[in-house]
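This is the structure, below, for whatever I ask next.
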Amino acid sequence: MCTDKINNEDMNRAAALIAAGEMVAFPTETVYGLGGNALDAKAAERIYAAKGRPSDNPLIVHIAQMSQLEEAARDIPEQARRLAEAFWPGPLTMVLYRNEQVPLTTTGGLDTVAVRMPGHPVALELIRRSGCMIAAPSANTSGRPSPTKASHVMEDLSGRIPMILDGGTVGIGIESTIVDLTEPVPMILRPGYITAEAIAEVLGEQVIWDPAILSPDGIGRPKAPGMRYRHYAPKAQMLIVSGAEEAVAEEINRRSAGQRQAGGRVAVIASEESAERYDADVILTIGSRTDEDEIARRLYEILRQCDESGADVIYSESFATPRIGQAIMNRMLKAAGHQMIEV
Ligand code: TXA
Ligand code: MG
């Protein structure tokens with residue numbers, strides 16, 4: 001993990017900004033976050049404003065040590081300690097009852113709070129040096145793909161925030177799994193790198209999904225407010241085509257030809273294995289089908305490249321890979337406004 005771009009002085013300045021109620025963008029292992037003091041309602045307001053984010057969409061509180069869990073949450077169930085032991089620091093967020101000192105501004109008006117201990121040395125050091133728990137959403141403009149590099153944060157927020165800590169490209173590339181422990185049965189509100197199966201195994205009990213997340217056409221009202229918005233969206237219209245490799249290529253090429261004849265610019269998102277089958281204005285290779293981690297890591301950057309390419313229409317293969325495919329497809333379907341066909 002590249003952290004050598006950040007020197008001691010940068011880290012001190014960032015920590016001082018957080019302690020003073022200001023915002024700093026920083027790397028985590030999942031995506032870049034836009035951080036502020038979690039106990040300062042004004043800092044949370046600044047974050048909502050900088051992102052253009054509705055203030056009923058709560059922020060995740062990032063901690064660096066287990067004692068801070070008690071500062072963020074109350075009535076903490078045994079399940080939370082077991083999950084923390086298994087997965088923290090790491091890409092798991094737990095929804096718990098809010099400790100009163102966490103302002104409602106941070107939790108979007110809810111009496112629950114989302115907490116996570118990130119697995120990135122820069123994030124952990126920033127929390128420790130600032131002496132604050134850090135509330136942070138992903139550091140993108142609301143509606144844009146989450147940033148996986150400092151340059152993505154610059155694209156979206158340059159001039160609106162005082163500082164970005166550049167820790168290079170993140171390792172995971174999609175946001176943390178969110179599990180709600182205030183439900184009678186632990187409930188997955190957002191799929192991520194840590195699977196429901198892995199959580200169920202640690203808990204030794206059943207874990208359910210928020211039904212609205214599983215709906216293939218996006219019908220229903222997800223419990224996590226942020227999952228209700230069209231998200232991760234490139235500017236162009238996007239369609240996912242799923243099926244056997246050859247049939248998918250044929251269908252995409254047919255549609256691509258029609259679009260281009262009508263004067264449209266077409267981008268295709270393809271795996272390394274099938275990229276050469278396509279005929280389009282821009283072909284974006286996301287990675288090998290044999291490496292789902294790479295597909296996850298590159299997804300948001302590819303969606304940003306679609307925008308830069310000036311495409312009017314994007315056709316993408318489907319990437320329902322074995323382990324984190326559910327998390328990848330959740331993001332892709334949202335990017336496509338749930339437009340997917342089977343061939
Ligand atoms: O990996 C991540 O989780 C990244 C890094 C920066 O830590 N953060 C992130 O934050 O993805 P954000 O704000 O982009 O997404 C947080 C999600 C939103 O969908 C929000 O609605 C949900 O978490 N959330 C936060 N607090 C909640 C709560 N108390 N109950 C239900 N959902 C909550
Ligand atoms: Mg986000």
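Just so it is clear, the structure is predicted and the values come from calculations on it, not from any experiment. Numbering of ligands and ligand atoms starts at 1, following listing order.
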* Is E22 paired with R160 through a side-chain N to carboxylate O contact shorter than 4.0 Å? -> no
* Asked: Hey, which atoms in ligand 1 end up nearer than 4.0 Å to a heavy atom of M227?
  -> 19 (O)
* **ligand 1 versus R53: contacting region, heavy-atom distance under 4.0 Å** => side chain
* Ligand-side contact atoms (ligand 1) for residue partner A224, heavy atom cut-off under 4.0 Å -> 21 (O), 31 (C), 32 (N)
* Asked: Is any NZ, NE, NH1 or NH2 atom of the basic residue among D156 and K51 found under 4.0 Å from an Asp or Glu carboxylate oxygen of the other?
  -> no
* Just checking, R323 and Y193: is the charged tip under 6.0 Å from the six-membered ring centre and within 45° of the axis? -> yes
* To do: Report the C-alpha separation of Q305 and Y300 in whole Å, then their side-chain angles, then the decisive distance to 0.1 Å, and conclude whether the side-chain hydrogen bond (donor to acceptor under 3.5 Å, both in side chains) test is met.
  => CA-CA 9 Å; Q305 284 173 0; Y300 287 138; over 6 Å; no
* **Ligand-residue contact atoms, ligand 1 with I60, heavy atoms, under 4.0 Å** => 3 (O), 8 (N), 9 (C), 10 (O), 16 (C)
* Structure fact -> The atoms of ligand 1 lying under 4.0 Å from a heavy atom of A114, numbered in the order shown, are 25 (C), 26 (N), 27 (C), 29 (N)
* Would R116 and E29 count as a salt bridge (Lys or Arg N to Asp or Glu O under 4.0 Å) if you check the C-alpha gap in whole Å, the side-chain angles of each, and the deciding distance to 0.1 Å? -> CA-CA 12 Å; R116 144 170 142 85; E29 79 281 32; 2.8 Å; yes
* Asked: So, R190 side chain and S176 main chain: donor-acceptor pair closer than 3.5 Å or not?
  -> yes
* Asked: If we only count N/O pairs under 3.5 Å, is K51 in contact with ligand 1?
  -> no
* Asked: Under 3.5 Å, is there a donor-acceptor pair between the side chain of D307 and the main chain of P234?
  -> no
* Show which atoms of ligand 1 fall inside a sub-4.0 Å distance from at least one heavy-atom site of P137. => 10 (O), 12 (P), 13 (O)
* **Close approach of R98 to ligand 1, heavy atoms, under 4.0 angstrom** => no
* Is it true that R255 and E251 have a side-chain N and a carboxylate O under 4.0 angstrom from each other? -> yes
* Asked: Ion pair present between R82 and E85, side-chain N to carboxylate O less than 4.0 angstrom?
  -> no
* Quick check: does V31 get an N/O under 3.5 Å from an N/O on ligand 1? -> no
* **Salt bridge R289-E272, side-chain N to carboxylate O under 4.0 Å** => no
* Structure fact -> Quick note on ligand 1: atoms under 4.0 Å from a heavy atom of N57 include exactly 18 (C), 20 (C), 21 (O)
* Backbone or side-chain N or O of R190 under 3.5 Å from ligand 1 N or O -> yes
* **Charged N-O contact under 4.0 Å between R74 and E100** => no
* Between P27, A25, G33, flag the one that comes closest to atom 6 (C) of ligand 1 by a heavy atom. => G33
* **Ligand-residue contact atoms, ligand 1 with T112, heavy atoms, under 4.0 Å** => 28 (C), 29 (N), 30 (N)
* Give yes or no for whether the N/O distance cutoff of 3.5 Å, strictly under, is met between S176 and ligand 1. => yes
* Considering only heavy atoms, which of L34, T30, L110 lies nearest to atom 28 (C) of ligand 1? -> L110
* Nearest non-hydrogen atom to atom 7 (O) of ligand 1 belongs to which of H62, E29, E175? -> H62
* Could you see which bit of I178 sits under 4.0 Å from ligand 1, with heavy atoms only: side chain, backbone, both or neither? => side chain
* Asked: Salt bridge or not for R277 and E245, using N-O below 4.0 Å?
  -> yes
* Structure fact -> The answer for which part of L189 has a heavy atom under 4.0 Å from ligand 1 is side chain
* Asked: Taking 2.8 Å as the cut-off, does an N/O/S atom of S146 lie below it from the Mg ion (ligand 2)?
  -> no
* To do: Check each of G173, S138, G35 against atom 9 (C) of ligand 1 and report the one with the nearest heavy atom.
  => S138
